[in-house]
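We name chains A, B, ... by the order of the sequence lines, and we start the count at 1 in each one.
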Number of protein chains: 2
Amino acid sequence: MIDDTRQRLIDAAGAIFSEKGYEAASVRDICQQASANIAAVNYHFGDKKSLYVAAVRHAQSCADSENPEVVWPAEMPPAERLREFIRTMLERKLDTSKPHWHLGIMLREMAHPTEACAAVVEDYVRPMANGLREILRDLLGQDYPEDQGNLIGFSIVGQVLFYYIHQPIIRLLIGNEAYDKLTVQTLADQITNFSLAGMGLGPAPGHAAAAVPVQSEATS
Amino acid sequence: MIDDTRQRLIDAAGAIFSEKGYEAASVRDICQQASANIAAVNYHFGDKKSLYVAAVRHAQSCADSENPEVVWPAEMPPAERLREFIRTMLERKLDTSKPHWHLGIMLREMAHPTEACAAVVEDYVRPMANGLREILRDLLGQDYPEDQGNLIGFSIVGQVLFYYIHQPIIRLLIGNEAYDKLTVQTLADQITNFSLAGMGLGPAPGHAAAAVPVQSEATS
DNA sequence: ATCTAATTCAAACAAACGTTTGATTCGGGT
DNA sequence: ACCCGAATCAAACGTTTGTTTGAATTAGAT
């Protein structure tokens with residue numbers, strides 16, 4: 001019970017910082033939401049910035065649920081591995097429970113790249129790209145040109161990240177009610193079937209979907 | 001020359017808003033960088049928020065300096081209209097001559113949407129989406145489900161915007177020399193062929209396709 | 001030259017910000 | 001009971017914010 005207000009401050013700070021950003025979030029609002037005095041943040045953390053880094057660290061330590069690599073069954077056909085790859089990536093990116101500032105930090109790094117960008121690429125993006133490259137090699141064959149394979153990988157990942165980054169625009173474009181009807185499985189199937197056909201491989205095997213166009217599946 | 005300070009204010013505001021965010025950017029800094037008086041923002045735009053909205057709108061609208069929508073020859077087949085659509089969008093987005101903060105301020109709007117997002121959608125995104133929808137309707141037929149058409153549009157636009165947004169990651173992933181060999185025409189053909197095949201309307205991009213850089217653009 | 005409207009300027013406005021202060025309350029050790 | 005440090009509180013601190021004001025300046029038309 002001693003450090004109760006300290007923890008409440010971290011929780012409230014994470015919520016408000018992620019919602020309004022660092023500058024827009026005020027210490028008064030955080031303390032009010034934490035049912036703490038205004039001077040509590042200065043007593044427990046020193047200043048506003050120290051509270052922010054404490055909240056970021058806490059959120060990061062709590063968000064270790066994402067596993068860096070996913071292992072597929074060896075006998076799974078490559079088309080289904082691609083579907084799982086896309087579905088898993090969508091699931092992680094569109095997970096509404098994870099803190100919202102992940103997107104903000106990443107987009108800021110895209111606009112103003114720092115050395116952190118290279119670290120993220122080597123730690124996270126490169127392994128994921130290699131995993132996708134393996135799937136594409138099994139799909140397209142060993143002799144497929146590497147440059148073409150890269151472009152196809154970009155086309156696939158670009159489709160996924162579009163729903164992650166441009167969510168506000170999509171909501172405004174098709175309406176909130178239409179957006180909320182979209183499910184991860186729907187998008188994963190759309191992107192997978194579209195991409196498989198884009199590679200000239202037709203819809204995924206085992207599905208009774210029509211041959212050429214992506215027909216409407218069962219809409220939830 | 002009359003509205004010179006107004007334009008200087010928009011440019012300075014875009015740069016500072018993109019770098020520091022809306023709340024952290026002060027109108028004093030903006031006016032100082034624009035060599036304008038502090039009251040200029042209030043005189044020309046009313047308040048800080050209106051200046052921000054003007055900067056965001058400018059970031060999207062100055063790409064198409066002439067017309068929000070491009071008119072195609074009526075006899076042009078829909079597949080080639082799609083190719084031109086993709087090539088034009090790529091050309092506008094990857095134009096290296098346009099200011100650096102256009103991407104930054106847009107990505108910040110994606111992370112923390114404000115009323116400027118809705119303004120951009122109505123002024124710029126919605127007409128472009130309607131233009132793409134017309135092309136897709138000609139490609140897929142009148143009776144194609146609207147929801148499915150939206151998803152296909154998202155898949156196409158997502159591929160284009162990937163190269164716009166994630167340029168730092170692509171450079172780190174495939175190397176600068178490989179990235180600099182990419183041309184707008186190469187990417188446009190890749191995305192167009194991939195997407196046409198994804199809709200079941202054309203051959204998949206093959207190995208021997210004309211993937212060689214055709215022309216070198218002016219690089220700064 | 002004179003008038004008029006548009007534009008720029010320095011100065012000050014009230015409000016909100018992060019931070020600090022000093023008194024007050026609470027709990028366990030002596 | 002006494003004391004001491006931890007913790008919380010209301011109030012005020014000085015600074016910076018966005019915004020407003022009214023005079024000064026400019027440019028064009030009469």
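- Between D147(B) and K181(A) no salt bridge is recorded (no basic side-chain N to carboxylate O distance below 4.0 Å).
- Applying the salt bridge (Lys or Arg N to Asp or Glu O under 4.0 Å) criterion to D180(B), with sequence neighbours excluded, gives R171(B).
- A straight line from CG of L9(B) to C1' of dT7(C) spans 12 Å, rounded to a whole angstrom.
- Take D29(B) and apply the salt bridge (Lys or Arg N to Asp or Glu O under 4.0 Å) test, not counting sequence neighbours, and it matches K20(B).
- In this structure, CZ of F45(A) is placed 16 Å from P of dT20(C), rounded to the nearest angstrom.
- The separation between D4(A) atom CG and dG27(C) atom C1' is 16 Å, rounded to whole Å.
- Here dT8(C) presents its C1' atom at 11 Å from CZ of R8(B), a figure rounded to the nearest Å.
- We find that OH of Y52(A) is positioned 18 Å from C1' of dC17(C), with the value rounded to whole Å.
- Dashed line: the shortest gap from a side-chain N or O of H44(A) to OP1 or OP2 of dT8(D) is under 4.0 Å.
- Contacts of T96(A) classified as side-chain contact (heavy atoms from CB on, under 4.5 Å), with partners at least two apart in sequence or in another chain: none.
- Taking atom OH of residue Y43(A) and atom C1' of nucleotide dA10(D), one finds them 17 Å apart after rounding to whole Å.
- The phosphate of dT8(D) (OP1 or OP2) has a side-chain N or O of T5(A) nearer than 4.0 angstrom.
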Nucleic acid footprint by protein, nucleotides 17-29 of chain D - heavy-atom cut-off 4.0 Å, B for base, S for sugar-phosphate alone: BBBBB--------
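- Taking the salt bridge (Lys or Arg N to Asp or Glu O under 4.0 Å) definition, one finds that E84(A) meets it with R87(A), sequence neighbours left out.
- Shown here are the side-chain contact (heavy atoms from CB on, under 4.5 Å) partners of M89(B), two or more places apart in sequence or in another chain: F85(B), K93(B), M128(B), V157(B), V160(B), L161(B).
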